[in-house]
Every structure is written in C-alpha cells, then in structure tokens.
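A short write-up of the structure that comes next.
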Protein chains: 2
Amino acid sequence: MAKHSILETLNESLRKDTLTSISVMQFPPGQVLFSAGEHCRGLPLVLDGSIKVQMTGVSGQGIVLYRMGADDICTLSIGCLMTGRGYRAEAIVEEEAEAAIIPRGLFDRLMDQSAEFRLAIMESYGKRLDDLMLLVEEVAFRRMDERLEEWLLARASHGQRVLAITHQELGIELGTAREVVSRLLKELERQDQVRLARGKIELTGLAGKLAPA
Amino acid sequence: MAKHSILETLNESLRKDTLTSISVMQFPPGQVLFSAGEHCRGLPLVLDGSIKVQMTGVSGQGIVLYRMGADDICTLSIGCLMTGRGYRAEAIVEEEAEAAIIPRGLFDRLMDQSAEFRLAIMESYGKRLDDLMLLVEEVAFRRMDERLEEWLLARASHGQRVLAITHQELGIELGTAREVVSRLLKELERQDQVRLARGKIELTGLAGKLAPA
DNA sequence: CGCGTTCAGTGATAAAGTCACACAGCTAAC
DNA sequence: GTTAGCTGTGTGACTTTATCACTGAACGCG
C-alpha cells in the first residue's frame, strides 16, 4: 500500500480514490525512470529508496541536479506535464525504489479539491527551485576541491566511511571531468585524508571533520 | 488598470475581485524589488518593463538567473511564499516597470477557485525550472567565449547594435569575473567583431551573425 | 592463465578565475 | 581650464579547472 505524506493532506474520500487508482511499483538500482526528451504521464511519488536526477550536456558531460528519497515528489514532472515539454533530465534509481504515479486527471482533481494538497505541491516546487539556485551558485562560484570534500563528508555522515563510487561517477555528481576528480582525490590521499582503491574511497583523516551524525 | 494575461484565466467575478484588491505600481530603473533574505508578501505580476533576477555568491560575485518582462509572473516568489524561506536572489528593475502584487490570501483563493489560473501558475513554474536547468548546463559545461558571443547577439537582435553595458555588468550576466569579460571582448575586437568604448560595445563584424529580427 | 574491459594516474596544453596594479575617460570642484 | 577623484578598462603573473592523449593497473571471465 502506498505510504506517502502527501496522501495525508487528502480527506477520507479523496484518499480512497487516490489509493485505488494508483499502484506502487518497484524499481531496481540502475533502472531509468525517465530520460531526456521523454514526455511525462503523471506525477511520480517516491515512497522509498533513492533516485538521482541528472542532466547531460551536449559535450556528453553530466551533472547530478538533485536526489529524491522517501516521501519526495518529482516536482520536475509537473513542469513537463503542464508545459507539455519533454524532460530535460533523466532519473536513475540508485537504491531499490518504490514509487507510484498519480495520473494527470487525478492530479488535476486533487489540485482542485484539496487546498492542503495544493500547498504541499507548491512547497515542493519552491524547494526544488531553491535547490537549483543553490546548484547554480555551487557550479558558478565554488572551488572544486571544496565541493568534493563536502560531497564526501555529506555521504560519510550517513554512516559509511568507505564509499563505493568511481571517479567517473563522482565527476557526474559534481559536473566535472573524471581527471579532475582523480587529481583532487590523489592530492587528498597525499594529505592522508582518504585512502583510494579501485571503485572505492575510504575516508580516513577527513572523517575527523564529519558532520555530527 | 492592470493588464496581464493571467487575469484572463479568471471568470468575471474573480477578475473583478482581483482588480479591486491589487494596485499597479511603477518602478524606475535601478529600483530593487526584493533582495536576498527578504520575505515575500505576495505574488508579483509584471505588467510591463524588464526586471532581472540575480544571485550573489559568498565571494561577492553575482550571476543573472533570468529576466521577467511584460506578462510574466514572479514564480520565484511563490516558492518563498509557500516554504516561508526568504528570497535567495534579488530583483532589479532594468527598464521602467509596472507591476502589481497579488496578496497571499487572494492568491490562495484564486488557486482554489480557478483551474485555469492554477494551470497558468504551474506552467510558469515549469518554465522557471526549465530556465534554471538550462542555466546550470550553461555554467557547468559551456565555454565563456561562446556564451559571451551569444549574449551579445541575443541583445543585438532586439534592434540595437550598440550596447550600453560595462564589463562588470556583463560579468554578472554570465557569472564570471570582469577581467575575463575584458579579455574576451578585447580578443573579439582584435578580430573586428566588435568595437569597444567606455561603457559601450558596438557590434560590427558580429552583426553578420545576427538572428533574424 | 591470458584477454578484454573498466578504472585510475599523469603529462601537456588551453581556458578560466584571481590578484595586483596601471592607466584612461569622465565629472565636479576649484 | 586645471586638477582631484571616481569608475571603467587593460594587462601581467599565477592558480585552478578543463581537455586531450596516452599508460598501466585491477578485475571479470572464458
């Protein structure tokens, strides 16, 4: 059964209608939920797991725009739904995910009949805009070594000290080239902040700077 | 009297209510509509003129996120309104502007009672997200010389061949440093693409590549 | 084991950002 | 008109990041 906090904004009757007309789907890691150019068929609710949304430039280089996790709404889809434009980004499952899709008609009805639902949608939209603005700032003004360190620490604070990720993937996270990541990591290794192995990064010295769990 | 296409999504009675409760204001060039950190008091409708929305990084460097013109809605404000967060950007009038503000309460009512109004709002939101994603791509992957040329041509195609702008301002448009702009422009001048003067850029050779008016 | 594939390291070079400073063009006060 | 001061531009020196080309290491599998 679908469990998503936005459903709690609905009254008894709308919620029942919604639950009967959506079905929860499972997606394995690596699965592509949607890709650039595709059109949108409804509003995806993420119930569980982790999904990254990334964009690919003409050069073939990519950058991760944001992630969605349990209880998120794929607000990007609403834009596509409303403007009729295709997606500009692609969504890829990272950790086994559960999601349900609210079809267009039902979405319109919920927007019409529930002020709370509307509020939740607008809030999610606002948050997404905010995220993207932060990203613009990151990319335009901040140094890559700082961004890399922060990325590693953000990951580590979720408990792991050994990250399983390739330099290529990290490049896409930060929107830079693989070589740049390799060089910066090598420098961190020289400073005893990390230990490197194929496909793995172990945080050693850096762990001292860990955000409180 | 306020003239904005979103008002046409409203029925007779809602439109009348709206028109009586909003007032059109005039803003001279240079006026700051809102600045970073401020809280939002309603949804601004742009009736006429040109307003740029820009962000300033910690380094003090800025970048223009997008522009609003006649018939635009300041969707960014909705996000602030809904999440309660302050603005992350600032809005500055470029060309004498007219705008009206729909207060929070009325906005909620319009969202409640007009499906068409809702649609227009969501559409505007979608477009803004799209703009920002394009910007991320620009900043992350494209070369500065290309972006500069494109910016100049986009301006020129509005009729002018002589742009009144300083290198500093151009730097903020593109999110780069003044020196970088100076050097790239100097190079264009060496190639007889532009002629430079204090506070002015005249498009000469570049004008051949003008987008059809 | 040997072979192919993916991942990582690195030198060379180009583009962009940063810092420091010189100087030019304009304005306003004298 | 001359001069002081401000804003805008030009440029050298240097750092950081991006790009290109290539090498070799680690792994997966027949």
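Owing to the predicted nature of the structure, the values given are computational and were not obtained by experimental measurement.
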| field | Distance (rounded to the nearest 0.5 Å) between B/Ile102 CD1 and B/Ile6 CD1 | value |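 Interatomic distance, B/Ile102 CD1 to B/Ile6 CD1, rounded to 0.5 Å: 6.5 Å.
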| Shortest non-hydrogen separation from B/Lys3 to B/Asp71 and the atoms involved | O-OD1, 4.4 Å
In whole Å, what is the span from the [atom1] atom of [X] to the [atom2] atom of [N]?
X	N	atom1	atom2	result
A/Leu148	D/dT16	CG	P	15 Å
B/Glu187	C/dA14	CD	C1'	13 Å
A/Glu149	D/dT16	CD	P	14 Å
B/Arg147	C/dA15	CZ	C1'	13 Å
B/Met144	C/dT18	CE	C1'	14 Å
A/Leu184	D/dT16	CG	P	10 Å

| query | Would you call the rings of A/Phe117 and A/Phe107 parallel, tilted or perpendicular if under 30° counts as parallel and over 60° as perpendicular? | reply | perpendicular
| query | For A/Lys127, does the NZ atom have more than 12 heavy-atom neighbours from other residues, nucleotides or ligands under 6.0 Å away? | reply | no
| task | Evaluate whether atom CZ of B/Arg104 has more than 12 neighbouring non-hydrogen atoms of other residues, nucleotides or ligands under 6.0 angstrom away. | result |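 Yes, enclosed.
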| query | How does protein contact run along nucleotides 5-12 of chain C, one letter per nucleotide 5' to 3', with B for base contact, S for sugar-phosphate only, - for none, heavy atoms under 4.0 Å? | reply | -BBBBBBB
| request: Look at all strands and tell whether B/Gln61 reaches a base, only sugar-phosphate, or nothing, counting heavy atoms closer than 4.0 Å. | output: sugar-phosphate
| message | Looking only at side-chain N and O atoms, does A/Glu94 offer a donor or acceptor that is under 3.5 Å from a partner on A/Ser50? | response | yes
| field | A/Thr176 side-chain N/O to D/dT17 phosphate OP1/OP2 under 4.0 Å | value | no
